[in-house]
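Each ligand, and each atom within it, is numbered from 1 in the order the structure gives. Positions are given from 1, in the same order as the sequence printed here.
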Amino acid sequence: VQVRNDFLRDQKADTFHHLGLSTKMKHFNETFSDLKYVCFSGSQGRVYNMADRLLNELNISKPIGFQLANICKNTDRYVMYKVGPVLCVNHGIGISSSSVVLNEIIKVLYYSNATDVSMFRIGTSGGIGISAGTVVITSVAVDGLLRPFLEVPILGELVKIPSSLSVSQNEKLLKCGDPSDDFQIIPGKTMCSWDFYEGQARLDGARCEFNMEKKQAFLKKAYDDGVRNVEMESLTFATMCCQAGISASVICVTLLNRFETDQITVSEDCLREWAHRPMTVVIRHIRSQLCKR
Ligand code: R2B
Ligand code: URA
C-alpha cells in the first residue's frame, strides 16, 4: 500500500483522529499487518452484518463465546471490525465522509506494512433503466458531469484526480453469481454525485429548480453514456485506491429505477434482503480467493 506523501516518511507517529487510533497504540502493527481485504459500507449496521457473515461463512476459527469487537470504540464517527484478514469499516454518506475514512485506512495499512490489499465498497444506489434489486459492479466511476475523474479545490485551484477500478477483480466478481440467485449482477458506469437530491436529478428534495422533462432527459443521457446506477462514494474509492496501488471494486444493489420514481418505497424487509446481495457476492469472491492463497 503506497502513500503519495513524502512528509509521512519522516513522521514519528500518526494519529487517526476519526478512527480513534494512533500508531503509538500497543499491537498497532500486528492488528493490521495481515489484512488482505477491506470491505466498506455506508452504515454501521451493514458493516456489523458483513463482519458477522464473514465470521460465520469464512471458516475463521474463533474461541467459544467470541464476539465481534469494534476497533474504533474510542470514537463514534466510524466502526471497524476485523475478521481474520478482512477489515469491515463504514464510510458514512458522501465523498467527504468516505474521503476522510479512506485517507486514514490507507495510512493505517501503509504504516503496518500490509501487502496485496483489495478494497470493496458494498453499497446501495439508485438504478437507471434496470430493475430494482439488481447488483451493479462499477466499471467506471463518473462525476455529475459524467467525467471519469474527481475535481476538487486544493490550495485555491481545481485539481483533477484520475480514477480507476480493478478490471480483473471486477471480472472475478461478475462471475460470482449463482444459478440459484434471484438477482442479476451486471457491469455498468456509476455516477457519483455530491448530493442525494438535486445532484441525482430528484424532484423530491427541499429544493428543485428543474422539471420532469429535464430530469428524464438527463437520466437518459447518463443511461446512453453507459451509466446504470447513481450513488455518492464510488469516485472517492476509484481515485484514492488507484493512487494507493490498491485493487478496488464498487458493488452496489439498486433500490429503485430512477426513470420510474425518486422515492424509495420498498418494504424494510425487502431493503434488508437486497442489502445482503452485494455482500453475498463479495463473500463468495473472498472465499474463493482465500482458497487459492
Ligand atoms: C448510497 O446510499 C446513500 C444515500 O442514501 C449514499 O451513501 C450512497 O452512496
Ligand atoms: N443511494 C443513492 O445515493 N441514491 C439512490 O437513489 C439510492 C441509494
S.K.: Between Arg147 and Asp225, is there a salt bridge with N-O shorter than 4.0 Å?
M.R.: no

S.K.: Counting both backbone and side chain atoms, is some N or O of Gly94 under 3.5 Å from an N or O of ligand 1?
M.R.: no

S.K.: So which protein heavy atom does atom 4 (N) of ligand 2 come closest to, and at what separation?
M.R.: Gln200 OE1, 2.8 Å

S.K.: Do Arg46 and His276 get their side chains close enough for a donor-acceptor pair, meaning under 3.5 Å?
M.R.: no

S.K.: Taking Lys189 for the side chain and Tyr223 for the main chain, is one N or O donor matched with an acceptor at less than 3.5 Å?
M.R.: no

S.K.: Distance alone, cut at 3.5 Å: any donor-acceptor contact between the side chains of Asp178 and Ser180?
M.R.: yes

S.K.: Hey, does Pro278 have a side-chain heavy atom less than 4.5 Å from the side chain of Ile122?
M.R.: yes

S.K.: Ignoring angles and geometry beyond distance, decide whether Ser125 reaches within less than 3.5 Å of ligand 1 through its nitrogen or oxygen atoms.
M.R.: no

S.K.: Counting only heavy atoms, which portion of Ser193 has something under 4.0 Å from ligand 2: side chain, backbone, both, or neither?
M.R.: neither

S.K.: Can you sort out which atoms of ligand 1 are near Glu231, meaning under 4.0 Å from one of its heavy atoms?
M.R.: 9 (O)

S.K.: Are Lys160 and Asp143 ion-paired here, with the side-chain N under 4.0 Å from a carboxylate O?
M.R.: no

S.K.: Classify the contact between Arg202 and ligand 2 as side chain, backbone, both or neither, using a heavy-atom distance cut-off of under 4.0 Å.
M.R.: side chain

S.K.: Note the single closest protein heavy atom to atom 1 (C) of ligand 1, along with its residue, its atom name and the distance in Å.
M.R.: Thr124 O, 3.1 Å

S.K.: Quick one: look up the protein heavy atom nearest atom 4 (C) of ligand 1 and list residue, atom name and how far away it is.
M.R.: Phe196 CD1, 3.7 Å

S.K.: How does Thr254 reach ligand 2, by side chain, by backbone, by both or by neither, if only non-hydrogen atoms under 4.0 Å count?
M.R.: neither

S.K.: Quick check on contacts: which atoms of ligand 2 are under 4.0 angstrom from a heavy atom of Ser125?
M.R.: 1 (N), 5 (C), 7 (C), 8 (C)

S.K.: Can you tell me if Gln200 contacts ligand 1 (heavy atom of the residue under 4.0 Å from the ligand)?
M.R.: no

S.K.: Starting from atom 5 (C) of ligand 2, which protein heavy atom do you reach first, and at what distance in Å?
M.R.: Gly126 N, 3.3 Å

S.K.: Using modelled atom types only, decide if a donor and an acceptor are shared between the side chain of Ser98 and the backbone of Ile95 within a distance under 3.5 Å.
M.R.: yes

S.K.: What about His91: any of its N or O atoms under 3.5 Å from an N or O on ligand 1?
M.R.: no

S.K.: I'd like to check whether Glu231 has a polar contact with ligand 2, where a contact means an N/O of the residue lying under 3.5 Å from an N/O of the ligand.
M.R.: no

S.K.: Against heavy atoms of Val230, which atoms of ligand 2 measure under 4.0 Å?
M.R.: 2 (C), 3 (O), 4 (N)

S.K.: Under 4.0 Å from any heavy atom of Leu256, which atoms of ligand 2 are there?
M.R.: 6 (O)

S.K.: Atom 8 (C) of ligand 1: which protein heavy atom is closest, and how many Å away?
M.R.: Glu233 OE1, 3.5 Å

S.K.: Taking the six-membered ring for Trp, are Phe237 and Phe120 closer than 6.0 Å centroid to centroid?
M.R.: no

S.K.: Flag the pair Glu231 and Arg121 as a salt bridge only when some basic side-chain nitrogen lies within less than 4.0 angstrom of an acidic carboxylate oxygen.
M.R.: yes

S.K.: Using a strict cut-off of less than 4.0 Å between a Lys/Arg side-chain nitrogen and an Asp/Glu carboxylate oxygen, indicate whether Asp262 and Lys215 qualify as a salt bridge.
M.R.: yes

S.K.: Side chains of Thr280 and Arg53 only: does a donor on one sit below 3.5 Å from an acceptor on the other?
M.R.: yes

